[in-house]
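For reference, the structure is listed below as structure tokens.
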Number of protein chains: 2
Amino acid sequence: MDATNREIIRILLADGRASFQAIGRQVNLSAPAVKRRVDQMVARGEIAGFTAVIDPSALGWNTEAYVELYYDGNVLKSELETNLSTIPQVVGVWSVTGDADALVHVMAGSMAELEDVIELIRSNAKMNRTRSAVVLSRLFQRPRL
Amino acid sequence: MDATNREIIRILLADGRASFQAIGRQVNLSAPAVKRRVDQMVARGEIAGFTAVIDPSALGWNTEAYVELYYDGNVLKSELETNLSTIPQVVGVWSVTGDADALVHVMAGSMAELEDVIELIRSNAKMNRTRSAVVLSRLFQRPRL
DNA sequence: TCTGAAATCGACATCTA
DNA sequence: TAGATGTCGATTTCAGA
């Protein structure tokens, strides 16, 4: 991971569809050389992929919340993942330090739908309680790493 | 926002560098027709842009935390944004319902750096307290919306 | 549909450990 | 001298009008 690769990543974060030629102009390389570096970074997993950044409200996802999960006793990470990944509205799950066992990011179309999702999450037998923070507004977000 | 546009978005979420021609094959449109639709969605802000998905550890960002902020009295959203956007390790800020006033996503290179960032966030005069959840592991995450 | 531009791939040159 | 990395030219594919 040298300085040139970091610069290529910086450019691709800002514009994921930048042409290899255009990137090459900025880092003083030919298009094939840029492509080779990008292919390597993808193969090594440093670049996980490319994606569009969508305005959630354009898809009708108007309600967003972060939910802390508190379990009774220990819960396996694999168990968490298995249970939660089946819920489409769950867009991210992290295990964390502190009081809570896990943090879940939920996107829903309405408050009612959010309520249903939280109820579904709570239905796990080992669940002790949940603690939700509904997003009022996204103040800012940098390009995802 | 018809079904075809949703399908185009679905494809672009999975592969942000998919060619218009390849997309067209999947949605039964010509490449120019797809481009016209994508351009429109970008112009309307439904597609905010395109980006690479980077493995944070490849850039040395090994430590990640979500921090709840509790203020004394009211704090303007603009004030929050002004203060926090100057800290590079702060990658996202949301104002939320519940006990906390705001939720901050922090990415740092080490626990020591994370500590420094939290101390910096705490230095605001109106800050009452913070509550941090350090990410132990990312169990899964869907393509960002 | 058409034209110019870009991506892609192979072959070869260069630098370095 | 082997491995990594670069350029160049030919061909295919794509973007944009």
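Just so you know, these numbers use all the heavy atoms, side chains as well, and skip hydrogens, waters and symmetry mates. Chain A is the first sequence line, chain B the second, and so forth, proteins listed ahead of strands; every chain is numbered from 1.
At a cut-off of 3.5 Å, with distance as the only test, a side-chain donor of B/Glu113 or B/Gln89 sits close to an acceptor on the other residue.
Within 6.0 Å of atom CG in B/Asp2, more than 12 heavy atoms from other residues, nucleotides or ligands are found, so the atom counts as buried in its surroundings. Residue B/Glu115 qualifies as open at atom CD: its count of foreign heavy atoms under 6.0 Å is 12 or below. By the neighbour-count criterion of 12 heavy atoms within 6.0 Å, atom CZ of B/Arg36 is sparsely surrounded, having that number or fewer from other residues, nucleotides or ligands.
As a whole-Å value, the separation of B/Lys35 NZ from D/dA17 P is 7 Å. In this entry the distance linking CG of A/Asp15 with C1' of C/dA6 reads 15 Å, nearest Å. Per the geometry, CZ belonging to B/Phe20 stands 13 Å off C1' belonging to C/dA6, to the nearest Å. Between the CZ atom of A/Arg37 and the P atom of C/dA7 there is a distance of 17 Å, given to the nearest Å. For the pair A/Asp2 CG and C/dT16 P, the computed distance is 14 Å after rounding to whole Å. If you take CG of A/Asp39 and P of D/dA4, they are 16 Å apart, rounded to a whole angstrom. Regarding A/Gln21, its CD atom lies at a distance of 16 Å from the P atom of C/dG4, rounded to whole Å. Taking atom CG of A/Leu29 as the reference point, atom C1' of C/dT14 lies 14 Å away to the nearest angstrom.
A/Ser30 has a side-chain polar atom (N or O) that falls below the 4.0 Å cut-off from OP1 or OP2 of D/dT7. Taking 4.0 angstrom as the limit, A/Gln40 places none of its side-chain polar atoms (N or O) nearer than this to OP1 or OP2 of D/dA4.
Taking five base pairs at each end of the helix from C/dT1-D/dA17 to C/dA17-D/dT1 and finding the rotation axis that steps the C1' atoms of four pairs onto the next four gives two axes whose angle is 30°, to the nearest 10°.
Comparing A/Arg17 and B/Pro32 by the nucleotide of DNA chain C whose heavy atom lies nearest to each, the residue mapping closer to the 5' end is B/Pro32. Remark on DNA chain D: of its neighbouring residues A/Asn28 and B/Ser19, the 5'-side contact belongs to A/Asn28, judged by nearest-heavy-atom nucleotide.
Tested against B/Trp94, the residues A/Val134, A/Leu139, A/Val135 include a single side chain to side chain contact (heavy atoms under 4.5 Å, CB included) partner, A/Val135.
Residue A/Arg36 is classed as a base contact, given a heavy-atom separation below 4.0 Å to a base.
Between the B/Arg17 side chain and the A/Ala18 main chain, a donor and an acceptor come within less than 3.5 Å of each other.
The shortest heavy-atom contact between B/Ile8 and B/Arg37 is CD1-CD, 3.7 Å.
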